[in-house]
Structure formats: structure tokens, C-alpha cells
Number of protein chains: 2
Amino acid sequence: MKMPQDVFIDYLADNNLKITPQRRLILETILNQKEHLSSEELYAKVKKKDASVGQATIYRTLKLLVDADIVEPLDFADGVTRYEASYGKEHHDHLICTVCSKNIEIMDPLIERRQEEIAEKHGFKLCSHKMYLYGICEECRNKKL
Amino acid sequence: MKMPQDVFIDYLADNNLKITPQRRLILETILNQKEHLSSEELYAKVKKKDASVGQATIYRTLKLLVDADIVEPLDFADGVTRYEASYGKEHHDHLICTVCSKNIEIMDPLIERRQEEIAEKHGFKLCSHKMYLYGICEECRNKKL
DNA sequence: GTGATTGCAAATGTTTTGCAACACT
DNA sequence: AGTGTTGCAAAACATTTGCAATCAC
């Protein structure tokens, strides 16, 4: 299995784009991160390593990484797009606490299979899907009492 | 089954809010609409009936309608929130053609139940969920050949 | 009459874009 | 050298908010 870095390099080469220190740094920063970072949060982390990097470069590089299928945009319905390194990882969905933003990764073959069936039934060839479950976690429910 | 209009009136009364021509008009406009309107599109439709209504009133009223469980916000991940009248209608998800944007409403009790189970397993009380299936419809696949 | 509501314009917050300077190949 | 890239600031975009005038009850 290729490293994400190499996938990126290949993607850039294939599209006549250039490998730059900023692009390397931004990808490294995402890869070293367990959590789902917003562009703003990523910007802060990148700045710690190189204060000269601009916001715009973050956005532009994220777009490339998404396009290269290395990173996936997530929508937790709080107004910001978050990103996670997805290359080489198994697909999963998210269960999100709407109070504390706790985020659990879920994987359910039964649902995955059913989604395929539904798409097929309607004559669709499924490309991708997004599923977000929003709820309140046990901790937060107990806090309220 | 109560009419959505009456649900709204009750909701307003319960919260010491007032019934205004603008609020009536906005609800009517959404109810008369089959498609999923963005705030912008709704604004345009409302203006045709009463040009004096402001954007802000659209947003404020949409918030009320969502809160009253009459209308549901949809997120098709294209930067705009869309809305659909949901009161009295069964919950459904969306199957979207990424080529022609065709949009099919789907309903699958099996998936719904499974979602509940997954949430419960993790100690969550499920509030809502979003599921979007993205694929290419038969028509668009045939066009390509 | 009183408090909620409105339209407007200004503010907000995220993401995008134009541009001149600069860097990768 | 030449095209792609960068940082900056300004722009764009959807949405929210402050406020004085107005309206519903």
C-alpha cells in the first residue's frame, strides 16, 4: 500500500502541480492528527510549525487533498467543515453528540449493504454516501438531570 | 390530523409569539412547494406575493418553523441549507444523482431501526440523522455510453 | 399600550479569489 | 525561464443581529 504522501505526490505530478513545503506540511499535519480538524484548527496547527503559511493556502491545499482522495470532508452540522485523513482507512460513519460534540466512528455492514440495495432498486450506481447520526451521549444526558 | 397551519398557530401562541401576515405567507409558500427550497429561493417566491418582505424575516420564520417541527432543514453539502415541509410526512432520506442532481426520496425501516440500535449501543439518545446516498442514475449512465 | 415583529443595513463567520511577489521543476 | 504557488487583503457567500418604526393582541 502506497503512503498517503506518495499518493499526493503522484496526484500533483499527474495534474502538473508542484510539490511545495506548504503542501507537505499541511498533509503531514493532517496525518498526525487523530481528531477531525476544521480548516481554522488546521491553520492554527500549521502556523505553529511555519507561521508564514496563509489561510488561503490551507483551503486550497485541502481542496487538492480531497480531490486526490486522501482526505475526506465531514459535515457535523455546526457550520464548519471538518476534515479527516481517509486514504487507506476503512469507510466509517459518525455518531455525534450534539451537546459535547463527542464523536464516535461507526461501521455497520448491514446498513452499508442495504444502501447498495436501495440504490440498485432505483437504478443508481452508488458512488458514495454520508451518514451522520446526531444524538445526546450518556454523559450529557446525565449532566442535565 | 391537524393542519400545519394550525400547528404553527398553536406553536406561536404557546410561545407568546404573534401571527403575522409574513409568517402566514412564508408557511403557505413552503407548503405549496414540492421541491426543497433554499432560503434564497423561498425569498424569491415570497417576494412575488409580497415584495415588501425582507430576507431576515425569511430566516427568522424558517427558524420558528423548524423549531415547531413543521419544516426540516436539509443539507445537501452544497453550501446552502434547503428546507422541506415535514409535518405529517414520514421521515425519509435522499438518493442523489451526482450527474443530473435527480433526487429520490427513500425510506427504509430496516436502516432506521439499525440506526437506533447503533446509537443505543453507544449510550446515545438519537435525535436526528442525515443520510445521503450519492450515485449515478440509470439515465445518466446510459448517456455516457 | 405593550411587547413582539418587521425591514433595513451592518455585522458575522466561513470560504474564495485577484494580484503582485515568489518558488518549484 | 516559465508556469504554478504563495500570502495578503479584499470579496463573496449564507446567515445573523441591532435598531427604530410598526403591528398584533
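Not measured: the values here are computed from a predicted model. First the proteins, then the strands, lettered A, B, ... as listed; each starts at 1.
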* **Within one Ile-Leu-Val-Met-Phe-Trp-Tyr cluster: Val46(A) and Ile70(A), side-chain cutoff 4.5 Å** => yes
* For the helix from dG1(C)-dC25(D) to dT25(C)-dA1(D), measure the angle between the helix axis at one end and the axis at the other, each built from five pairs, rounding to 10°. => 30°
Members besides [X] in its Ile/Leu/Val/Met/Phe/Trp/Tyr cluster (side-chain heavy atoms under 4.5 Å):
| X | result |
| --- | --- |
| Met131(B) | Leu95(A), Ile104(A), Ile106(A), Ile111(A), Ile118(A), Phe124(A), Leu126(A), Met131(A), Leu133(A), Leu95(B), Ile104(B), Ile106(B), Ile111(B), Ile118(B), Phe124(B), Leu126(B), Leu133(B) |
| Met3(A) | none |
| Leu110(A) | Leu110(B) |
| Val80(B) | none |

* Name every residue in residues 52-67 of chain B that has at least one heavy atom under 4.0 Å from any atom of DNA chain C, in order of residue number, or write none if there are no such residues. => Ser52(B), Val53(B), Gly54(B), Ala56(B), Thr57(B), Arg60(B)
* Asked: Which of residues 11-24 of chain B have a heavy atom under 4.0 Å from DNA chain C?
  -> Asn16(B), Leu17(B), Lys18(B), Thr20(B), Gln22(B), Arg23(B)
* **Side-chain N or O of Thr81(B) closer than 4.0 Å to phosphate OP1/OP2 of dT15(D)** => yes
* **Pairwise distance OH(Tyr134(A)) to SG(Cys127(B)) - rounded to 0.5 angstrom** => 11.5 Å
* Using salt bridge (Lys or Arg N to Asp or Glu O under 4.0 Å) as the criterion, list what pairs up with Asp10(A), not counting sequence neighbours. => Lys2(A)
* Can you list the residues that meet the salt bridge (Lys or Arg N to Asp or Glu O under 4.0 Å) rule with Arg24(B), with sequence neighbours excluded? -> none
* Does Arg113(B) come within less than 4.0 Å of Glu116(B), counting only side-chain N to carboxylate O? -> no
* **Test: Glu72(B) and Lys89(B) ion pair at under 4.0 Å** => no
* Asp67(B)-Tyr11(B) side chain donor-acceptor pair, cut-off 3.5 Å -> yes
Spacing between [X] atom [atom1] and [N] atom [atom2], to the nearest angstrom:
| X | N | atom1 | atom2 | value |
| --- | --- | --- | --- | --- |
| Leu74(B) | dA14(D) | CG | P | 17 Å |
| Tyr43(A) | dT6(D) | OH | C1' | 12 Å |
| Leu25(B) | dA24(D) | CG | P | 14 Å |
| Leu42(B) | dT15(D) | CG | P | 11 Å |

* Asked: Quick one: ring-ring contact (aromatic ring centres under 6.0 Å, His included) partners of His94(B), sequence neighbours excluded?
  -> His36(B), Phe76(B), His92(B)
* Name the first nucleotide and the last nucleotide along DNA chain C (5' to 3') that come under 4.0 Å of a heavy atom in chain A. => dT14(C) to dT25(C)
* Return each pair, listed once, that meets ring pair (Phe, Tyr, Trp, His ring centres under 6.0 Å) where at least one residue sits in residues 53-75 of chain A; pairs must be two or more places apart or across chains. => none
